[in-house]
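The next block holds one structure in the form of structure tokens; read it before the comments.
We name chains A, B, ... by the order of the sequence lines, and we start the count at 1 in each one.
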Number of protein chains: 2
Amino acid sequence: MSVTKTEPRLDRRAAILNAAEELFAKHGYDGVTLRSIAKRAGVDLALPNYYFGPKRDLFDAVLMRRAEVLNAWRLKALEDALSAARPNPASVEAIVRAYLGPLLTGAHVAEPGWKHYYALIAYVNNSPEWGGRLMTQFFDPLIDQFIDALRLSLGDVDEKALFWSYHCFSGALTLTFAETGRIDHLSKGLCRSDDLDGAYEHVVRFITAGFESIRPPA
Amino acid sequence: MSVTKTEPRLDRRAAILNAAEELFAKHGYDGVTLRSIAKRAGVDLALPNYYFGPKRDLFDAVLMRRAEVLNAWRLKALEDALSAARPNPASVEAIVRAYLGPLLTGAHVAEPGWKHYYALIAYVNNSPEWGGRLMTQFFDPLIDQFIDALRLSLGDVDEKALFWSYHCFSGALTLTFAETGRIDHLSKGLCRSDDLDGAYEHVVRFITAGFESIRPPA
DNA sequence: GTCATTATTCAACAGATGTTGAAAGTGACC
DNA sequence: GGTCACTTTCAACATCTGTTGAATAATGAC
């Protein structure tokens, strides 16, 4: 009879992406096998290749899936901050909040899928192998806009100092994403790696102060 | 006669560690094969196993080799900073310089071996798989002392803020170590990933300002 | 119901992987 | 010269790797 076409028919494509996302984030590209991905996704070994082609393309697909929605959120947050301050430039703190808020606050940060994605970003951003190519490809256009906003906010700032400051910013965020459990040990349980929302205000303060320190004297 | 026991007899052990260090740093633990290590070191495939046992132990050995000398340098730098300021607490900037100076300045930062080691630290520190265990094992005792010094310097500071600030610090340093080439793209060549010495002053300023921002009002 | 399209399974491939044990080489010391 | 401990080589092992092509099942339009 085939009463219903069975349940909603959870898309195997999505299941594969979810499994790959989690495993790549935990063990890196080379630490994951197609067999482990297929097993975790509950599909046949040949299916990942059928949908996404070779392993490398699957990795790209995982990275791309959430990059677009993320960039859209962050672009809107930045534009809102700039609008709210117009005709003046936005404050450094407002820009930092626009940069971090969509990442560290909101309902989605509780979803494991997003956490895995963040950890994957951390892996990619710190890898000499991937970092140069992939991060540039997916995120640089947006980041250029953030840096432009910071330049406007800070006035006639030293360019080298600006880029190295952003570099520190990026590193701090990346390590937060990685959720390595290190701060848990170090703080003897006071702080928790997985508490992105709790980290938010602290990171905002630290980074804002860092950028403010390069503002040229009035 | 045995004039000399021949030349220092370039140790194969060291050659293996050097090769493993470079390759692990570039491709991660799973991205490296014992064959590639042996080939790069110019030794037989079986030799790494003879000297260091299984692959995992070789990885540990690579990490351990430079950890001790590094910790000694940094401990001395910290003690010097504390002595110089006594009986007052050292300034935040002096502590940050003691933390970073031995890493980013000095003759050794030009040696490829040290750069590879730093990149390896970046890999380990950001990996959920290794980060928790290895970084704690090798570096936490020293880091506890740095955090103690910061606590003393900053006065009655909020503990959570202190640990999250250190977390930002660690992330910034780690990304600097990784030398991913990303800042080169972003700054259109103005800043160079491999210029650790050039990064030093910028990072010191950014991080010092970040820590100062959590100092409680007098 | 037919049939072309799509999705999924299965078995196998060629090559790579970590590890090992036995053999061969090396040099010091008596 | 002979013994012995330490190094180094060599060949092989069992297992795992990404990828593929053929076979089978499900799907949906007509």
Before accepting this row, confirm whether a basic side-chain N of the pair A:K26/B:E129 lies closer than 4.0 Å to the acidic partner's carboxylate O.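 No salt bridge links A:K26 with B:E129.
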
| Rounded interatomic separation in angstrom, taking NZ from B:K39 and P from C:dA16 |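 From B:K39 NZ to C:dA16 P: 11 Å.
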
What's the CD1-C1' distance between B:I16 and D:dT7, to the nearest Å?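 About 11 Å, once rounded to whole Å.
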
message: Between B:Y99 and B:F169, does the ring pair (Phe, Tyr, Trp, His ring centres under 6.0 Å) criterion hold? Intermediate values first, please.
response: CA-CA 10 Å; B:Y99 189 99; B:F169 188 9; 4.5 Å; yes

Practice problem: Ignoring backbone atoms, establish whether B:R35 has a side-chain N or O less than 4.0 Å from OP1 or OP2 of C:dA16. | Solution: no

- Task: Kindly say if A:R13 contacts the phosphate of C:dT6, meaning a side-chain N or O under 4.0 Å from OP1 or OP2.
- Result: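 False: A:R13 side-chain N/O out of range (4.0 Å or more) of C:dT6 OP1/OP2.
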
Those residues at least two apart in sequence (or on a different chain) that pass ring pair (Phe, Tyr, Trp, His ring centres under 6.0 Å) with A:F206 are B:F211

Output for pair (B:Y118 OH, B:T174 OG1), nearest 0.5 Å, gives 12.0 Å

- Task: Check the angle between the aromatic planes of A:F59 and A:W130 and answer parallel, tilted or perpendicular using the 30° and 60° thresholds.
- Result: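 A:F59 vs A:W130 ring planes: tilted.
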
Output, in order, the C-alpha distance, side-chain angles, deciding distance and verdict of ring pair (Phe, Tyr, Trp, His ring centres under 6.0 Å) for B:Y29 and B:F24.
CA-CA 5 Å; B:Y29 179 80; B:F24 281 141; 5.7 Å; yes

Short of 4.0 Å, heavy atom to strand atom, which residues of residues 21-33 of chain B count as contacting DNA chain D?
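Contacting residues: none.
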
Going by atom type alone, with no hydrogens or angles, which donor-acceptor pairs under 3.5 Å involve a side-chain atom of residues 42-50 of chain A and a protein atom two or more places apart or on another chain?
unit_1, atom_1, unit_2, atom_2, d
A:D44, OD2, A:A46, N, 2.9

Between the main-chain N or O of B:A161 and the side-chain N or O of B:S165, is there a donor-acceptor pair closer than 3.5 Å? yes

### Query
Of all the base pairs, Watson-Crick or G-U under 3.5 Å, which form stems of three or more consecutive pairs involving DNA chain C?
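If one scans DNA chain C for consecutive Watson-Crick or G-U pairs, the stems found are C:1-30 with D:1-30.
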
Applied to residues 60-73 of chain B, the salt bridge (charged side-chain N to carboxylate O under 4.0 Å, His left out) test, sequence neighbours excluded, yields B:E21-B:R65, B:E21-B:R66

Please list, in numerical order, the residues of residues 44-59 of chain A that have a heavy atom closer than 4.0 Å to any atom of DNA chain C.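 Listed by number, they are A:D44, A:A46, A:L47, A:Y50, A:Y51.
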
Handout entry: Check: B:Y117 and B:L70 side chains under 4.5 Å, non-hydrogen atoms
Key = yes

